[in-house]
Visitor: 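Next up is a structure, given as structure tokens.
Chain letters run A, B, ... following the sequence lines, proteins first, then strands; residues in each count from 1.
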Amino acid sequence: MPGSPSEQLAATPPAATARRARISRSRDFDAVYRRGRSAAGRHLVVYAFRPDDADPGEPARLGLSVSRKVGGAVERNRLKRVLRELFVSLDPPAPPETDIVVIARAGSAEYLAERGSAALGARLGELVAKATGSTA
RNA sequence: CCCGCGAGUCAGGCAGCCGCGGGCCGCGACAGCGGCUCGAGGAAAGUCCGGACACCACAGAGCAGGGUGCUGGCUAACGGCCAGCGGAGGAAACUCCCGGGAAAGUGCCACAGAAACGACACAGCCACGCGCGUGCGCGGGGCGAAGGUGAAAAGGUGCGGUAAGAGCGCACCAGCGGUCUGGCGACAGGCCGGCUGGGCAAACCCCACCUGGUGCAAGGCCAAGUCGGGACGCUACGGGUUGCUCGCCCAGUCCCAGGUCGGCCGCAUGAGGCGCUCGGCAACGGGCGUCCCAGAUAGAUGGUUGCCCUCGACAGAAUCCGGCUUACGGCUCGCUGUCCCA
RNA sequence: UGGGGGAUCGUCUAACGGUAGGACGCCGGGUUCUGGUCCCGGUUGUGAGGGUUCGAAUCCUUCUCCCCCAG
């Protein structure tokens with residue numbers, strides 16, 4: 001394996017937009033909520049949890065929760081897409097082998113529309129750092 | 001030009017980089033990688049109707065319940081659509097209407113009003129008879145809708161007629177019945193007759209037609225896992241027939257505790273789209289050709305950069321399809337023109 | 001996604017198709033030296049639009065919002 005071209009592929013940023021890097025089981029969501037650490041902002045809430053059975057070297061997985069209070073289907077889909085994109089390009093990336101759940105609160109769609117994705121990305125970065133700070 | 005009316009159509013575009021989901025092909029032991037290709041809407045929305053599909057129920061019959069409601073057609077079906085009829089609105093283009101039955105029965109019609117359906121009483125008009133205080137009372141008669149009201153009052157208006165009056169007579173109008181003509185029909189028109197109605201059925205209801213229930217979290221399969229305790233009972237009771245009755249069938253019943261969070265199928269070729277053509281006023285149907293056109297499962301279309309323009313509305317598939325309704329930006333075509341201005 | 005229920009004053013609730021009431025707020029006035037109690041008065045788009053009817057909170061229809069159930 002070492003020295004092979006696949007090493008260059010692994011060097012590319014972890015694609016949290018891929019389905020492998022997402023939390024999909026309700027069991028996993030429950031674990032993050034119950035046993036993880038949380039950090040809350042005005043528009044977002046971030047939960048972080050490092051599962052015991054995580055594969056070594058596995059990049060951080062992302063789970064999103066955007067309820068109907070945020071807006072209609074178009075707004076919520078757009079918000080989820082933007083949040084996934086922002087999560088991948090976090091400047092200090094999220095620590096590996098960690099499950100992170102981001103909850104969008106009511107008003108976050110308006111925040112995105114008025115302040116832009118860069119502002120939302122900054123808020124996301126702050127909260128992720130705060131929630132994962134001691135475990136890293 | 002500008003108002004208005006109707007129909008149709010589009011849903012920012014192009015390019016670079018980084019990404020996401022499905023299918024096919026290739027490589028690979030797996031994870032995966034590479035190539036090609038496809039990837040939201042006219043409303044995907046609301047879930048208001050109708051069907052397909054699936055399971056459950058059903059020997060069967062009846063009742064109940066629910067829905068629809070002018071006519072003819074279209075459709076798999078519909079509460080939808082098309083063409084008409086009648087009515088309503090508008091100056092017009094045109095638009096809108098749950099639009100059967102009130103001589104089958106029941107009910108309601110507040111307030112006001114003499115009276116709200118029985119045309120009786122009340123009030124009133126008119127001659128006649130009797131009485132007296134001479135314009136009133138009494139009596140038996142004639143009379144109609146005149147009497148404030150009210151949403152609605154026993155056809156309306158006019159003329160004649162009379163003691164007073166009245167469809168009592170006449171003309172026109174409205175309604176009813178009969179008949180003729182046209183139309184498949186709703187209905188329209190003509191003639192004749194008699195002389196005439198309460199209203200409300202989106203009140204109960206009657207009539208005609210339709211109607212089993214539940215919904216893809218339907219349903220099928222695989223994997224995993226729990227399978228423990230208590231009470232009452234001995235055919236009385238109970239359960240099923242998802243509202244009831246007849247009928248039929250099943251057999252112990254109830255309570256507590258525990259398990260069920262994974263995956264595969266269903267799942268996308270369909271009452272399908274487009275083009276031409278034929279029938280039809282049209283909705284729609286027939287024929288031929290051609291295309292394959294999302295299929296996720298915490299749920300896919302984004303990020304970024306550049307250019308252009310009018311600076312981009314409403315809005316995101318979740319079993320599928322046909323409608324309805326609601327939200328909304330632009331463009332094209334056709335049609336109307338009362339008043340005002342040129 | 002599918003299925004079901006609801007909306008009346010600031011809050012809780014009534015109302016055969018015929019004037020929208022009650023209780024608790026709240027506001028103003030009176031009584032009291034002051035406050036409370038008590039008395040009087042006020043506070044109203046029946047969620048919105050359209051229709052049936054002489055007349056609609058009520059009947060029909062379209063929409064908006066809220067709540068519940070099914071993993």
Visitor: Should B:U75 form a Watson-Crick or G-U wobble pair with both distances under 3.5 Å, which nucleotide is its partner?
Guide: none

Visitor: What interatomic distance, in whole Å, is found between C1' of B:A298 and the corresponding atom of B:C261?
Guide: 14 Å

Visitor: Round to a whole Å and report the spacing from CZ of A:R84 to C1' of B:A298.
Guide: 9 Å

Visitor: Using whole Å, report how far NZ of A:K80 lies from C1' of B:A296.
Guide: 11 Å

Visitor: Do A:R81 and A:E85 come close enough that some side-chain heavy atom pair is under 4.5 Å?
Guide: no

Visitor: Run the side-chain contact (heavy atoms from CB on, under 4.5 Å) test against A:L127 and tell me which residues pass, sequence neighbours left out.
Guide: A:A39, A:L44, A:V46

Visitor: If I pick the P atom on B:A174 and the same atom on C:G49, what distance separates them, to the nearest angstrom?
Guide: 41 Å

Visitor: Given the C1' atoms of B:G90 and B:G280, what is the spacing between them in whole Å?
Guide: 33 Å

Visitor: Please confirm whether the shortest side-chain N or O distance from A:N77 to OP1 or OP2 of B:A300 is below 4.0 Å.
Guide: yes

Visitor: Give me the distance, rounded to whole Å, that separates B:G99 from B:G87 when you measure between the P atoms they each carry.
Guide: 15 Å

Visitor: Please list, for nucleotides 302-304 of chain B, all pairs of protein and nucleotide N/O atoms separated by less than 3.5 Å.
Guide:
unit_1 : atom_1 : unit_2 : atom_2 : d
B:G303 : OP1    : A:R78  : NH1    : 2.9
B:G303 : OP1    : A:R78  : NH2    : 3.1
B:U304 : OP1    : A:S117 : OG     : 3.4

Visitor: For C:U11 and C:U31, measure between their P atoms and round to the nearest Å.
Guide: 34 Å

Visitor: Should B:C5 form a Watson-Crick or G-U wobble pair with both distances under 3.5 Å, which nucleotide is its partner?
Guide: B:G334

Visitor: Is the backbone of A:T132 close enough, under 3.5 Å, to the side chain of A:R50 for a donor and an acceptor to pair up by distance?
Guide: no

Visitor: Just the rounded figure in Å: distance from C1' of B:A300 to CG of A:L83.
Guide: 16 Å

Visitor: If you measure only the distance, is there a donor-acceptor pair under 3.5 Å linking the side chains of A:Y111 and A:R42?
Guide: no

Visitor: Hey, does the side chain of A:R37 reach the backbone of A:A131 with a donor-acceptor pair shorter than 3.5 angstrom?
Guide: yes

Visitor: In whole Å, measure the gap between the P atoms of C:G41 and C:U53 for me.
Guide: 41 Å

Visitor: Considering only atom C1', compute the distance from B:U332 to B:C14 and round it to an integer number of Å.
Guide: 25 Å

Visitor: Starting from P on B:A300, measure out to CG on A:L79 and report it in whole angstrom.
Guide: 12 Å

Visitor: B:C81 and B:G182: how far apart are their P atoms, nearest whole angstrom?
Guide: 35 Å

Visitor: Which atoms of nucleotides 45-47 of chain B (N or O only) lie under 3.5 Å from a protein N or O atom, and what are those distances?
Guide:
none

Visitor: Please give the nucleotide sitting opposite B:C130 as a Watson-Crick or G-U wobble pair, both distances under 3.5 Å, or none.
Guide: B:G137

